[in-house]
Each structure stands twice: as C-alpha cells, then as structure tokens.
There are 2 protein chains.
Amino acid sequence: MSTTPDRTDDSLIALRRILRATELYERKLARSAGLTPPKLRVLQILAARPDGSATPKALAVQMGVAQATVTALVDKLEADRLVSRLRSETDRRQTNVAITGAGRDALGQAPDALQQRFVRAFEGLADWEQAQLVSSLERVAAMLDAEEMDASPVLAVGDLKTGTPS
Amino acid sequence: MSTTPDRTDDSLIALRRILRATELYERKLARSAGLTPPKLRVLQILAARPDGSATPKALAVQMGVAQATVTALVDKLEADRLVSRLRSETDRRQTNVAITGAGRDALGQAPDALQQRFVRAFEGLADWEQAQLVSSLERVAAMLDAEEMDASPVLAVGDLKTGTPS
DNA sequence: TTTTTTGCTTTGGATGTCTAAGTAAAGGGG
DNA sequence: CCCCTTTACTTAGACATCCAAAGCAAAAAA
C-alpha cells in the first residue's frame with residue numbers, strides 16, 4: 001500500500017513553518033516596540049475597528065482569553081496611555097476601550113507581523129498566482145476553523161470546563 | 001471599484017484565521033490532556049525525533065525561547081515523569097532530554113492540533129487539489145520564514161523537504 | 001596550564017492567564 | 001415596586017511562561 005502520506009506531511013510541515021515563523025516574528029516585533037504580544041494584539045484589534053474601540057468582552061472573545069485577562073492587559077495599556085476607558089452611555093455596565101493617539105503611534109512602531117513578512121512578497125506575484133494562493137489559504141482556513149464555530153461559539157470565557165470528550 | 005478583490009487583504013484574513021484557529025485549539029487540547037501548550041510542544045518535539053530525545057539547547061532553538069525557559073519546562077515535565085534527563089557520555093556538559101513512555105501516553109491524549117483538524121479534511125480532497133494546496137502552503141511558508149533561517153538551523157518536525165531557495 | 005567558550009542551571013522578577021468571588025447595572029416577573 | 005436572574009466588568013489569589021544575569025562545570029583553545 002503506497003499510502004503516500006507525502007502530501008499530508010508536506011502540508012503539515014508547511015503549515016507548521018507558517019505558524020512558527022509568524023509566532024516568533026510577532027514576539028520579536030512586539031519587543032522591539034516595547035510591547036508584549038498580547039498587548040500588541042489588543043492594540044491591533046482596536047485599530048482595526050472603525051471607531052477604534054471595543055468592549056472588554058469583545059476583546060476577550062476575539063483573543064480567546066478570559067475577561068479577567070483582558071482587564072489586566074487593559075489596565076497596563078491604560079497606565080501607559082495607549083488606550084483609554086470610557087463608560088458606555090447606553091449601557092452603563094459596559095466599558096469602551098479605545099485606542100489613543102499614542103497607541104496608534106506604538107502600533108506604527110510594530111507593524112503587523114504578517115503585513116511585514118508577507119505582503120511584499122505576495123504583491124510581487126503574478127495575478128493568477130495570487131488568486132490560487134488566496135483560494136488555497138481560504139480553503140485551509142475553512143478546514144481549520146470550521147469546527148470552531150459550532151463547537152464553541154463563545155469558547156473563550158469561563159464556560160467549557162466540560163472539555164474532555166468521554 | 002466595488003469588486004477590487006483585494007487579494008492581499010483576503011490572503012491576510014485567511015492566514016489570520018489559520019493562525020487563530022490553530023492557536024486556540026492547541027490551548028484547548030493541551031488543557032484537556034492536563035498539559036500546557038509549551039509543555040505539550042516539548043513532548044511533541046521529542047516524540048518527532050528518531051530517538052525521542054534532544055538537548056535543552058536544541059529545544060530552545062526550535063521553540064524559540066531561552067534556555068532557562070526550557071530548563072524550567074523540563075524540570076516540571078521530569079517531575080511528572082513525562083521526560084527524563086540523562087547526561088551525555090560524549091560531552092558531559094550536555095544533557096539529553098528523552099520522552100518517557102508516560103510522555104508518549106500523554107501525547108496520545110492530546111494529539112497534534114493540526115493533525116486533528118486538518119488531516120481528515122485534507123485527505124478527502126482530490127489529488128490535484130492536494131497538490132495545489134501543498135504548493136501554495138509551501139510558497140507562503142517560504143515567504144514567511146525566509147529571514148528566519150539564520151536564527152533557526154533546525155526548525156521543523158524532522159525534515160525540511162526542499163530547502164528554501166536563496 | 002591557563003583562558004576562553006560552551007551547555008546547562010539557578011535566581012529574581014516581569015508578565016500572562018485562569019478560576020472564583022465581588023460589584024454594578026439591566027431586565028423580568030410577580 | 002421588589003426580587004431574582006443575567007450580564008459586564010473588576011478584584012484577588014494562584015500558577016505558569018519567559019527572560020536576563022550570574023553561576024557552574026566540562027570541553028576546547030592558547
């Protein structure tokens with residue numbers, strides 16, 4: 001039986017290289033901007049929003065960590081004036097965490113890891129190559145996060161103690 | 001306008017989904033096996049070696065952390081009998097960290113995140129689709145870790161297919 | 001032999017992360 | 001209106017990761 005799991009192995013190896021390279025580079029970049037990776041991610045998420053703000057809850061879900069963790073991160077970012085807290089008018093339980101000008105400046109010092117590494121090379125590719133790459137990446141992404149959606153709509157927070165199957 | 005299929009954005013989004021899904025799932029898996037992600041990675045690296053062992057130095061390089069960090073991780077894994085330390089005969093400065101039977105058992109409880117998520121879907125694809133995916137992933141990986149090379153002589157799970165072009 | 005380099009550990013401290021418990025606001029009956 | 005539940009966030013306490021710097025021991029070089 002020529003099982004030839006070659007392709008599977010090859011794809012896994014490539015995927016691992018992608019993950020590893022990105023992770024290591026992210027750490028390096030964050031350090032060089034005087035930030036840590038989690039803090040950097042908070043700023044990135046905020047900057048990516050149209051209004052530059054989000055609730056701690058939303059941050060927790062998007063980052064996949066507990067709310068308490070976000071609180072701690074925001075505490076420190078706020079102490080450094082990189083974000084600011086503002087109570088919501090409509091629902092006073094909610095807090096809006098907004099990126100400040102200084103926060104955006106800091107982001108500029110640590111541009112997105114993927115951007116840095118990937119974009120330049122990608123944009124040098126021929127049109128059909130770009131199209132194929134996008135198609136492949138989206139396919140892989142769908143494979144990977146498909147089960148994420150249904151299995152744990154809000155997997156981050158405190159709920160899934162139930163974890164272990166059988 | 002409208003269409004302007006910004007391929008760069010699309011590819012970045014897909015890449016981010018891949019990274020995020022893998023990271024979150026890895027955390028979940030490690031927890032379900034009573035391990036933490038870094039400890040799990042140590043076991044995975046060891047298990048992927050032909051002899052099931054590596055020096056702390058090699059682990060540090062491959063994981064992208066300081067040696068002191070590896071020492072701490074190995075301390076705990078050793079306390080749990082998941083790995084064992086053994087001084088090298090040929091160079092008594094070196095220590096060999098080897099995975100134990102219990103360590104392999106633990107690994108079995110937390111099978112590789114990518115394996116779990118990805119392999120099944122991948123192997124259901126048509127031959128030409130697999131080929132295209134591999135090609136695309138390898139291309140992306142090469143884009144991402146090209147500059148990484150200097151810092152990581154031995155980066156992958158065993159072998160490295162065709163080296164990256166200069 | 002003496003010095004330097006190399007591999008690993010120890011120390012001390014910063015950070016991230018979680019769970020559990022607490023506070024405060026909103027919403028729903030009764 | 002009051003009580004109860006839910007929701008959003010914070011606080012408190014406990015671990016775990018991670019690092020730089022210093023220490024130690026063995027190998028290599030001078």
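As the structure is a prediction and not an experimental result, all values here were calculated from the model. Protein chains get the first letters and strands the later ones, always in sequence-line order, with residue 1 at the start of each.
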> With the sugar-phosphate defined as primed atoms, P, OP1 and OP2, and the base as all remaining atoms, what B/S/- string results for nucleotides 10-21 of chain D, 5' to 3', for protein heavy atoms under 4.0 Å?
Replying inline: BB----SBBBB-
> Just how far, in rounded Å, is C1' of C/dT5 from CD of B/Gln94?
Replying inline: 14 Å
> Rounded to the Å, how far apart are A/Lys57 NZ and C/dA26 C1'?
Replying inline: 15 Å
> So A/Lys76 and A/Thr36, side-chain contact (heavy atoms from CB on, under 4.5 Å) or not? Walk me through it.
Replying inline: CA-CA 11 Å; A/Lys76 284 164 190 164; A/Thr36 58; over 6 Å; no
>> I need a per-nucleotide contact map over nucleotides 24-30 of chain D, read 5' to 3'. Cutoff is protein heavy atoms under 4.0 Å; write B for the base, S for backbone only, - otherwise.
In response: --BS---
> Among all residues two or more places apart in sequence or in another chain, which pass the salt bridge (charged side-chain N to carboxylate O under 4.0 Å, His left out) test with B/Asp91?
Replying inline: B/Arg93
> Do B/Arg85 and B/Asp75 come close enough that some side-chain heavy atom pair is under 4.5 Å?
Replying inline: yes
> Are any non-hydrogen side-chain atoms of B/Ser136 and A/Leu137 less than 4.5 angstrom apart?
Replying inline: no
>> Tell me which pairs pass side chain to side chain donor-acceptor pair (under 3.5 Å) where either residue lies in residues 52-61 of chain B, with sequence neighbours left out.
In response: B/Asp51-B/Ser53
> With A/Asp105, which residues qualify under salt bridge (charged side-chain N to carboxylate O under 4.0 Å, His left out), at least two apart?
Replying inline: none
Distance-only criterion, 3.5 Å: show the donor-acceptor pairs between side-chain atoms of residues 122-131 of chain A and protein atoms not counting sequence neighbours.
residue, atom, partner, partner atom, Å
A/Glu123, OE2, B/Thr8, OG1, 3.1
A/Asp127, OD1, B/Arg7, NH1, 3.0
A/Glu129, OE1, A/Ala126, N, 2.9
A/Glu129, OE2, B/Arg139, NH1, 2.9
A/Glu129, OE2, B/Arg139, NH2, 3.1
A/Gln130, NE2, A/Phe122, O, 3.1

> Is the shortest heavy-atom distance from the side chain of B/Leu133 to the side chain of A/Met143 under 4.5 Å?
Replying inline: yes
